[in-house]
Amino acid sequence: MSAENRSAERPPAENRSAAGPSAESLTAESPAAGTPSPGRPSPEDRFQEDPAAGDARPYDRGAWWRDAVVYQVYPRSFADANGDGEGDLPGVLSRLDHLADLGVNAIWLSPFYPSPLADGGYDVADYCDVDPRYGTLADFDALVAGAAAKNIKVIVDIVPNHCSAEHPWFRAALAAGPGSPERERFVFRDEPNNWQSVFGGPAWTQVADGQWYLHLFDSAQPDWNWRHPDVVAMFERVLRFWLDRGVAGFRIDVANMLFKQDGLPDVVPGSQSGPLMPGQTAVPYEHQPELLELYRSWRKILDSYPGDRGTVAEMWFDTDQARPYLAGDGLAQLFNFGLMPTPWSAEEFRAVIDGSYRLARETGGSIPWVLGNHDVPRMVTRFGVDQDLVRAPTPEVLLGRMDVDVELGTRRARAAALLLLALPGGAYIYQGDELGLPEHLTIPDEVRRDPMFERTLRTFMGRDGCRVPLPWSGTAAPYGFGAVDVPAPEGSQGVPGAQGAQGTWLPQPEDWAGLTVAAQRADPGSTLNLYRAALAIRRDHPALGDGDLTWLDTPPGVLAFSRDPGFTLMVNFGPAPVPLTRHHDVLLASGPLDGDLLPPDTGVWLS
Ligand code: NOJ
């Protein structure tokens with residue numbers, strides 16, 4: 001471990017929410033909590049100084065992404081066509097039938113660009129190519145064409161806050177030395193300030209000539225200087241490069257951090273990253289005014305292509321922070337992360353939904369719902385633990401040491417899926433959630449890959465547990481993940497948990513035989529078939545997708561809303577069965593009903 005990590009304290013808030021739900025995240029990340037905070041300028045006030053703000057043009061109400069169900073593919077773990085233990089683009093192509101059969105409208109591909117994988121590919125060495133381990137540009141083109149043939153759009157990840165230390169411009173900057181134009185494209189200083197990396201430890205690393213460079217994430221991810229015209233122009237070329245290849249849009253990584261406050265002032269003690277509570281001060285590297293102008297310029301590029309190309313921004317926000325972005329002339333969408341740290345509670349779910357729903361209505365913006373991604377523990381596990389541990393994770397929980405009732409978590413995750421797909425607007429499904437995969441909590445320390453594990457001085461297990469290769473078929477690892485199921489050589493002493501001749505890049509648990517796609521397709525009651533049925537209904541039902549909701553009066557612990565025409569969602573978060581609300585038919589239930597009673601931890605769609 002490098003010296004820079006020695007003084008690591010707890011990761012800042014954004015990191016803690018990625019690490020697992022925390023008490024802070026629960027309250028602060030709920031956009032419902034976001035009323036303008038006294039004592040700080042509203043971001044709107046700052047943004048209004050921009051003369052271009054008057055040109056705002058609302059996005060088309062009918063844009064495809066407003067109610068799309070997008071499936072997140074984490075390429076390294078989706079499907080492995082060449083049998084090397086890591087997923088690849090031909091693997092995704094070979095499994096498009098699964099996605100078409102599931103019924104999603106689009107896929108978002110996490111980074112597949114050339115990368116040393118210091119942060120799973122979010123350390124990009126070349127923004128306009130495919131890492132050989134994932135295939136070639138021809139494979140990418142074949143995937144886009146294959147997906148289009150199945151009516152599936154493709155969104156790619158763009159990582160504009162930082163690159164890889166292996167990016168040629170960063171290598172040139174190191175070689176050119178202090179004061180050189182090459183260093184201006186990054187953030188080099190003679191002295192560091194007090195900023196901490198989101199992954200833990202200082203945000204500055206010293207190079208051989210004595211200067212320091214800024215990296216808000218890993219030291220292998222130097223931050224770009226967004227006030228440099230070369231950087232602006234380079235990313236415009238990158239957008240066009242992928243738009244020319246037919247992508248339907250971009251997921252923008254760390255979309256709130258690109259610009260840093262002029263002069264790089266120290267973080268004032270007590271300042272907060274992410275959503276703010278009243279009276280809190282923001283860190284000086286989030287939501288800088290220039291961002292809106294940048295995203296407006298990106299939108300112009302997207303609009304110069306046919307079809308509705310979209311952007312979805314990755315950021316944790318409160319309503320004050322979100323409002324200007326949602327005004328309609330820059331970013332198309334912000335991810336709605338509020339449900340991920342929310343414990344299994346009707347009241348707490350409702351508060352988050354209410355806040356986001358109101359914000360979307362008020363701004364005309366689009367905030368697609370999310371229950372899982374490659375940065376947070378899987379929902380089966382989140383919902384299968386004592387929910388007080390979700391509110392306030394202990395040090396043991398951060399290391400994955402807790403009792404998980406997988407059956408309970410699965411029941412709740414299935415009910416949550418019906419909620420997710422019934423909410424107004426778009427939704428994201430993280431690969432494997434349609435299989436009800438739990439977090440893999442027993443990955444041996446020596447095979448963990450997420451830099452957060454070391455950068456937090458091993459106080460947080462990292463995000464590997466939700467990134468384990470998918471199980472497709474068979475009864476033992478690698479569960480059809482590779483091209484062929486290769487049995488482990490006799491007497492193999494390989495990595496614990498590693499399977500097959502090479503092993504998958506992260507080990508799969510031994511008890512996933514019942515969770516494979518093949519096993520679940522054959523089981524009418526499986527989670528996969530629940531998702532398939534829900535997506536099929538959602539495709540045809542006129543009430544689902546974008547639109548309005550009306551909350552229904554319910555007993556405590558129950559959440560219910562109706563949507564016109566003729567649709568009702570009900571989820572019982574409580575411990576006792578409750579009567580189903582008045583209805584004609586049961587369209588779909590996440591678990592067995594008890595006559596006219598909705599059992600605990602069950603969701604239902606009614607007409
Ligand atoms: C957010 C991505 O989702 C996460 O995986 C990554 O580590 C950070 N951004 C840094 O790029």
Side-chain angles (χ1 to χ4, degrees), residues 58-72 99-108 147 150-155 248-249 251 307-312 326 328 331-339 349 352-372 415-430 433-434 530-552 559-571 583 585-590 603-607:
Y59 276 102
D60 182 358
R61 272 268 158 211
W64 68 271
W65 36 260
R66 279 197 179 267
D67 60 4
V69 176
V70 183
Y71 182 98
Q72 181 189 353
L99 302 172
D101 177 67
L102 186 59
V104 297
N105 306 108
I107 57 175
W108 148 35
K150 295 184 187 302
N151 216 5
I152 296 174
K153 297 178 192 301
V154 176
I155 295 172
R251 177 264 192 194
D308 292 310
R309 318 280 173 126
T311 46
V312 56
L326 291 168
L331 292 174
Q333 300 185 295
L334 307 184
F335 277 121
N336 194 333
F337 290 145
L339 292 176
F349 262 70
V352 173
I353 294 167
D354 241 352
S356 308
Y357 176 68
R358 269 193 274 115
L359 179 64
R361 282 287 153 289
E362 176 200 321
T363 57
S366 174
I367 328 178
W369 308 95
V370 186
L371 280 171
L418 291 197
L419 171 62
L420 176 86
L421 296 173
L423 286 165
Y428 275 71
I429 297 173
Y430 176 46
D433 279 354
E434 83 281 20
L530 177 75
Y531 271 86
R532 290 174 67 218
L535 285 165
I537 295 172
R538 180 182 161 112
R539 223 174 8 254
D540 294 335
H541 201 298
L544 295 178
D546 212 10
D548 300 321
L549 67 71
T550 306
W551 291 107
L552 302 180
L559 190 147
F561 56 73
S562 66
R563 302 197 57 193
D564 284 338
F567 176 93
T568 299
L569 168 284
M570 236 184 130
V571 178
H583 64 281
D585 288 311
V586 173
L587 298 175
L588 188 61
S590 69
V604 67
W605 286 3
L606 304 169
S607 67

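Please read all numbers here as calculations on a predicted model, not as lab measurements.
- In this structure, CG in Asp308 is found 8.0 Å from NZ in Lys153, a value given to the nearest 0.5 Å.
- Rounding to the nearest 0.5 Å gives a distance of 15.0 Å between OH of Tyr428 and CG of Asp433.
- Here the side chains of Arg532 and Asp101 are in contact, with some heavy-atom distance below 4.5 Å.
- Using a distance-only test at 3.5 Å, with no hydrogens or angles considered, a donor-acceptor pair links the side chain of Gln333 to the main chain of Trp65.
- Contact between Ala534 and Leu418 at its shortest, heavy atoms only, is CB-CD2, 4.0 Å.
- By the 4.5 Å heavy-atom criterion applied to side chains, Leu359 and Leu326 are counted as neighbours.
- A 4.5 Å side-chain heavy-atom check between Leu569 and Leu559 finds at least one atom pair inside the cut-off.
- Annotation for Gly547 and Pro424: closest pair O-CB, 3.2 Å, computed over non-hydrogen atoms.
- Heavy atoms only, all atoms of each residue included: Val352 and Gly338 are closest at CG1-C, 3.6 Å.
- Checked against ring-ring contact (aromatic ring centres under 6.0 Å, His included), Trp369 has no partners two or more places apart in sequence or in another chain.
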*Please walk me through it: do Ile367 and Phe335 pass side chain to side chain contact (heavy atoms under 4.5 Å, CB included)?*
CA-CA 5 Å; Ile367 328 178; Phe335 277 121; over 6 Å; no

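- The shortest side-chain heavy-atom distance between Ser562 and Leu549 does not fall under the 4.5 Å cut-off.
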Checking side chain to side chain contact (heavy atoms under 4.5 Å, CB included) for the pair Leu606/Phe567: CA distance, chi angles, key distance, verdict? CA-CA 6 Å; Leu606 304 169; Phe567 176 93; over 6 Å; no

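- Taking CZ from Phe337 and OG from Ser356, the interatomic distance works out to 12.0 Å, rounded to the nearest 0.5 Å.
- Atom CD1 in Ile107 sits 12.0 Å away from atom CG in Leu102 (nearest 0.5 Å).
- Ion pairing between a basic and an acidic side chain is recognised when a charged N comes within 4.0 Å of a carboxylate O; Arg361 and Asp548 show such pairing.
- Not a single donor-acceptor pair under 3.5 Å links the side chain of Arg563 to the backbone N or O of Thr568.
- The nearest pair of heavy atoms linking Glu434 to Tyr71 is OE2-OH, 2.7 Å.
- Distance CG/Leu544 to CG/Asp67: 10.0 Å, rounded to 0.5 Å.
- For Ala416, the side chain to side chain contact (heavy atoms under 4.5 Å, CB included) criterion is met by Trp344, Leu371, Met379, Phe383, not counting sequence neighbours.
- When all heavy atoms are compared, the tightest approach of Ala427 to Pro368 is N-CB, 4.2 Å.
- In this structure, Thr311 contributes its side chain and Leu331 its backbone to no donor-acceptor pair below 3.5 Å.
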Note to self: Evaluate Phe561 against Leu419 for side chain to side chain contact (heavy atoms under 4.5 Å, CB included), listing each step before the verdict.
What the structure shows: CA-CA 10 Å; Phe561 56 73; Leu419 171 62; 3.7 Å; yes

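- Looking only at side-chain heavy atoms (C-beta outward), Leu535 and Val104 come within less than 4.5 Å of each other.
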(request) Could you walk me through whether Val70 and Asn105 pass side chain to side chain contact (heavy atoms under 4.5 Å, CB included), step by step? (result) CA-CA 6 Å; Val70 183; Asn105 306 108; 6.0 Å; no

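- Across all their heavy atoms, Ile537 and Leu587 have their closest contact at CD1-O, 3.8 Å.
- Here Trp551 and Tyr357 keep their ring centres 6.0 angstrom or further from each other.
- Using a distance-only test at 3.5 Å, with no hydrogens or angles considered, a donor-acceptor pair links the side chain of Arg538 to the main chain of Leu421.
- Not one N or O on the side chain of His583 forms a donor-acceptor pair closer than 3.5 Å with the backbone of Asp585.
- Side chains of Val586 and Val604 form a contact here, defined as non-hydrogen atoms less than 4.5 Å apart.
- Side-chain atoms of Trp108 do not come within 3.5 Å of backbone N or O of Arg251 as any donor-acceptor pair.
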